**Student:** 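Okay, handing you the structure first.
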Amino acid sequence: MQGCNQPNSPVETETGLTEGQQIVGMRYVYGAASVGSVLLILLSQSAVGALFIKQLGGTDFQAMLPASLMLLARAVQIPVSMKVAPGRGHRFMLRMWGIAAGLMLLAFALPTIVGGGDGIVELFLILLGLAVVTSSAGGAFWFPMLHDLVPVHRRGRFFGRLRATWTGIGFVVVLGSGFFLGKDPDIWRFQVVFGAAVVLYCMRTYFAARIPTGNSLSGELDYDNWRIYVRSLFRQKPLVVFLAYYGVLGFCMGFLSQPLVLYMKARGFPAKDNVIIFSFTTLGAIVANFFAGSLVDRFGTKRIFLVAHLILCLTCFAVVGIGWGPYEYAMFLLPAAMVVSGGTIAASNVACTAQLLHLIPNRGRAFYFSLATIITFAGVAISPLFVGFILDGVGEGWHMNIRMVKLDIFQVLLFCAGVMTLIAIAMLMLVRNVHPNKEEGNRTMEYVVQRRRGAPPARADWDGEYWKEIPALPVNQFHPNGSDHRPVVAAKLAHSSDALHVFFRVQDRYVRAVAEKLNDMVCRDSCVELFIQPPSREEYINFEINGGGTMLASFVEDPTRPDRHSPMKKCTPLTPDQASLVRIEASLPKIVDPEITEPTEWTVRYGIPMKLFEEFYGPLGTFDGQTWRANLYKCGDKTSHPHWASWSPVGEKLNFHKPACFGSLHFEE
């Protein structure tokens with residue numbers, strides 16, 4: 001990944017937003033997220049929601065439900081993303097949030113309206129569940145909107161600071177709520193706290209309405225035939241592996257969230273102390289969020305996940321040990337454990353957001369984000385419900401003795417969570433590392449592939465009707481290992497929705513072409529190459545064609561090798577039938593030997609149908625509106641004057657098989 005430079009463009013052309021719109025939009029996102037997250041924090045990241053249910057007379061399992069509902073309700077985003085067109089997404093989001101606010105006000109006012117008695121907890125949870133589902137339905141379009149707003153090189157820092165801002169506000173609110181509730185609060189005090197939070201929740205629609213939307217929230221339905229795209233998901237191995245890993249990690253995280261409220265209540269902590277101590281989780285998140293984004297940008301996501309994994313494991317064991325100490329002992333150590341766990345979970349969530357924004361495909365972004373967030377947060381939602389179910393079944397007084405060591409039910413559950421976290425670390429070995437600072441190199445070079453009707457005519461001229469308005473893409477980044485020969489190389493790319501058309505022109509000397517069969521080593525001849533990769537895929541296809549029209553092409557899944565002359569770890573050559581789909585026109589004779597030493601201009605033209613790509617990747621749709629990654633090369637390994645040139649720089653080490661250094665091809669609609 002070395003040698004890839006940072007982008008230096010004021011306009012993010014593939015998002016449909018200018019740099020100025022992105023800056024303004026990100027400011028409104030800060031406002032919307034900051035005021036809208038207070039209610040989420042009170043219900044799912046503080047002790048207030050669980051204690052409110054217990055005050056209403058609910059069971060331990062019911063006390064765990066509000067926080068879990070906030071996460072499980074994300075499942076509704078899948079049908080929403082399939083049934084609501086992206087062009088209506090912004091308006092739909094605002095409308096759903098307004099309805100959700102009304103339902104929440106009704107739910108929290110319920111004890112005043114109907115009084116106490118049997119069934120009030122169930123009725124409250126039903127109303128709250130409807131509100132949360134409605135809110136989540138609108139949230140299906142939140143992350144697709146942010147994808148267009150936040151440039152890739154700022155994602156780590158932006159989401160880190162965004163989370164720090166809203167958790168900072170949440171911490172102040174939760175801390176104030178703890179003092180307001182007191183040691184033994186009445187129901188009305190909880191209602192005041194939640195009423196103020198709902199008012200803030202309503203305010204976020206004001207900010208969200210002013211956020212500009214880009215290409216991800218434009219157009220019509222992208223995933224109406226959902227079966228095809230669910231099957232397509234499983235071909236995206238890096239995304240599937242990450243979702244499985246983070247779902248397991250989230251399940252382990254959940255034991256250090258809401259169940260600790262019940263743990264402290266069972267230890268005799270009054271409501272005020274319980275709320276204040278648990279709020280230190282949010283304090284840890286504030287501290288972590290200020291640094292997590294920069295750490296993700298600097299070190300990549302995988303290192304963040306590794307450190308977070310180890311810390312969460314040790315924290316589970318530490319809380320088990322705290323349970324053996326006296327009340328005063330726990331009063332000092334539990335807040336420290338809360339700070340550590342809250343900060344660690346927050347840092348891993350920042351890394352998770354950066355990971356998803358990188359891995360999720362461009363098409364159907366709302367659908368894929370909905371599915372991804374459901375899977376990644378399902379674990380966090382399920383583990384508190386699991387704890388509540390166990391507590392209702394065996395009771396909080398259950399304990400077990402292991403060699404003179406007495407463990408209560410909470411300690412047993414936390415110890416099991418720590419062991420499970422330690423075992424699950426093996427899954428991290430399979431997760432792809434995303435390094436935003438290095439991934440900036442992916443966008444160093446950008447080219448808009450213009451749309452044309454149909455294929456170019458046979459023997460089309462460089463300046464002919466079909467190609468004359470298409471700008472040339474220079475292949476002029478020569479590697480210093482080459483000779484002093486510097487041919488002038490340019491390419492023009494166009495597409496006809498279902499095919500990519502490529503036209504290379506080379507003003508050259510020392511021209512040679514001796515490879516004559518498919519998949520011979522054409523790179524040793526005077527050769528032009530295209531390496532191309534669909535959105536959010538690790539695999540790519542390399543098309544290498546010499547001046548006589550002989551091609552080497554392969555599907556590369558793992559390009560690692562000890563040196564550039566050794567075979568790649570996993571590479572599948574195209575079959576003759578597959579290669580026949582690429583229609584090649586070359587201006588030189590098939591064999592050029594001996595070498596032409598005088599100045600010579602030669603061209604290679606070819607078309608690649610989408611059908612060929614889909615044989616390897618599955619359904620990809622049309623090229624229209626997509627952004628692929630690619631690099632273009634010129635080489636002549638065994639000519640009298642060897643040379644190696646690229647469109648996007650490949651760094652100090654001579655190796656064309658470096659997808660981290662590919663540029664971006666934006667296909668015109």
Side-chain angles (χ1 to χ4, degrees), residues 37-77 100-101 103-111 114 116-137 139 170 174 177 181 185 187 190-191 193-194 197-198 201 247 250-266 271 274-275 278 281 345 373-374 376-396 409-410 413 417:
S37 62
V38 170
L39 185 59
L40 170 67
I41 290 174
L42 284 173
L43 285 172
S44 64
Q45 300 176 29
S46 80
V48 180
L51 293 176
F52 179 52
I53 297 295
K54 296 294 288 184
Q55 187 73 10
L56 288 175
T59 65
D60 288 337
F61 179 79
Q62 289 173 329
M64 297 293 96
L65 274 172
S68 296
L69 282 173
M70 300 293 289
L71 298 174
L72 293 176
R74 294 173 183 267
V76 75
Q77 293 179 355
L103 289 170
M104 288 176 184
L105 281 175
L106 180 60
F108 292 119
L110 196 62
V114 302
D118 296 337
I120 188 172
V121 175
E122 290 80 1
L123 185 56
F124 169 79
L125 289 173
I126 289 171
L127 285 173
L128 181 64
L130 289 173
V132 169
V133 167
T134 306
S135 177
S136 293
V174 171
S177 299
L181 292 174
I187 292 293
F190 286 102
Q191 289 177 295
V193 170
F194 284 117
V198 173
Y201 177 88
F251 183 79
C252 300
M253 289 178 185
F255 287 89
L256 291 170
S257 58
Q258 292 294 299
L260 293 182
V261 177
L262 301 179
Y263 184 39
M264 289 187 286
K265 190 174 187 303
N274 198 326
V275 172
F278 197 82
T281 301
I345 292 171
T373 52
I374 290 164
T376 53
F377 292 115
V380 184
I382 292 172
S383 45
L385 295 180
F386 175 77
V387 172
F389 177 78
I390 295 295
L391 292 176
D392 283 353
V394 304
E396 295 178 355
I409 182 61
F410 292 101
L413 291 171

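For clarity, every value in this text was computed on a predicted model and none was experimentally measured. FYI, side chains are in, hydrogens and waters are out, and symmetry mates aren't considered; it's all heavy atoms of this structure.
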**Student:** Is a side-chain donor or acceptor of Thr281 paired with a backbone partner of Phe278 at a separation under 3.5 angstrom?
**Tutor:**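 Yes.
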**Student:** Measure across Pro111 and Ile120 and return the closest heavy-atom pair with its distance rounded to 0.1 Å.
**Tutor:** CA-CD1, 3.7 Å
**Student:** Taking C-beta and beyond as the side chain, do Leu39 and Phe108 meet within less than 4.5 Å on heavy atoms?
**Tutor:** yes
**Student:** Output side-chain donor-acceptor pairs under 3.5 Å for residues 377-386, partner residues at least two apart or in another chain, one line each.
**Tutor:**
from: Ser383; atom 1: OG; to: Phe251; atom 2: O; distance (Å): 3.0
from: Ser383; atom 1: OG; to: Gly379; atom 2: O; distance (Å): 3.1

**Student:** Please give me the minimum heavy-atom distance between Ser177 and Val193, naming the atom from each residue.
**Tutor:** OG-CG1, 3.4 Å
**Student:** Below 4.5 Å, heavy atoms only, C-beta onward: do Met64 and Leu262 meet side chain to side chain?
**Tutor:** yes
**Student:** Within the structure provided, determine whether Arg74 and Leu71 are in side-chain contact (heavy-atom separation under 4.5 Å).
**Tutor:** yes
**Student:** What pair of heavy atoms forms the shortest contact from Leu130 to Thr134, and how long is it?
**Tutor:** O-OG1, 2.7 Å
**Student:** Could I get the full list of side-chain contact (heavy atoms from CB on, under 4.5 Å) partners for Ser135, not counting sequence neighbours?
**Tutor:**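 Expected list: Trp97, Ala100, Tyr201, Arg204.
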**Student:** Would you check if Leu40 and Met70 make a side-chain contact, meaning some heavy-atom pair closer than 4.5 Å?
**Tutor:**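 In short, these two side chains touch, coming nearer than 4.5 Å.
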**Student:** What salt bridge (charged side-chain N to carboxylate O under 4.0 Å, His left out) pairs are there with at least one residue in residues 379-392, not counting sequence neighbours?
**Tutor:** none
**Student:** Minimum heavy-atom separation for Val198 to Ala101, with atom names?
**Tutor:**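 Of all heavy-atom pairs spanning Val198 and Ala101, the closest is CG1-O, 3.7 Å.
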**Student:** Can you name the residues that form a salt bridge (charged side-chain N to carboxylate O under 4.0 Å, His left out) with Lys265, not counting sequence neighbours?
**Tutor:** none
**Student:** Tell me, please, which residues at least two apart from Ala75 pass side-chain contact (heavy atoms from CB on, under 4.5 Å).
**Tutor:**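 Result, side-chain contact (heavy atoms from CB on, under 4.5 Å) vs Ala75: Ile374.
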**Student:** Of all the heavy-atom pairs spanning Gly129 and Leu69, show the shortest one and how long it is.
**Tutor:** CA-CD1, 4.2 Å
**Student:** First locate atom CG of Leu123, then atom CG of Leu110, and finally report the distance between them rounded to the nearest 0.5 Å.
**Tutor:** 4.5 Å
**Student:** Return the minimal non-hydrogen interatomic distance between Val121 and Gly58, and the atom names on each side.
**Tutor:**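 Closest approach of Val121 to Gly58, heavy atoms only: CG2-N, 3.9 Å.
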**Student:** Please check this pair: side chain of Gln45 against backbone of Gln258, looking for a donor-acceptor N/O pair closer than 3.5 Å.
**Tutor:**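 Judged by distance alone, no pair lies under 3.5 Å.
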**Student:** For the OG1 atom of Thr59 and the NZ atom of Lys54, what is their distance to the nearest 0.5 Å?
**Tutor:** 6.5 Å
**Student:** Under 3.5 Å, side chain of Ser68 to main-chain N/O of Leu65, donor-acceptor pair present?
**Tutor:** no
**Student:** Can you list the residues that meet the ring-ring contact (aromatic ring centres under 6.0 Å, His included) rule with Phe52, with sequence neighbours excluded?
**Tutor:**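 Scan of Phe52 (ring-ring contact (aromatic ring centres under 6.0 Å, His included), adjacent residues dropped) gives Phe124, Phe190, Phe194.
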**Student:** I need the Leu181 CG to Gln55 CD distance, nearest 0.5 Å.
**Tutor:** 9.5 Å
**Student:** Determine whether a donor-acceptor pair (N or O, by modelled atom type, separation under 3.5 Å) exists between the side chain of Gln62 and the backbone of Ile53.
**Tutor:** no
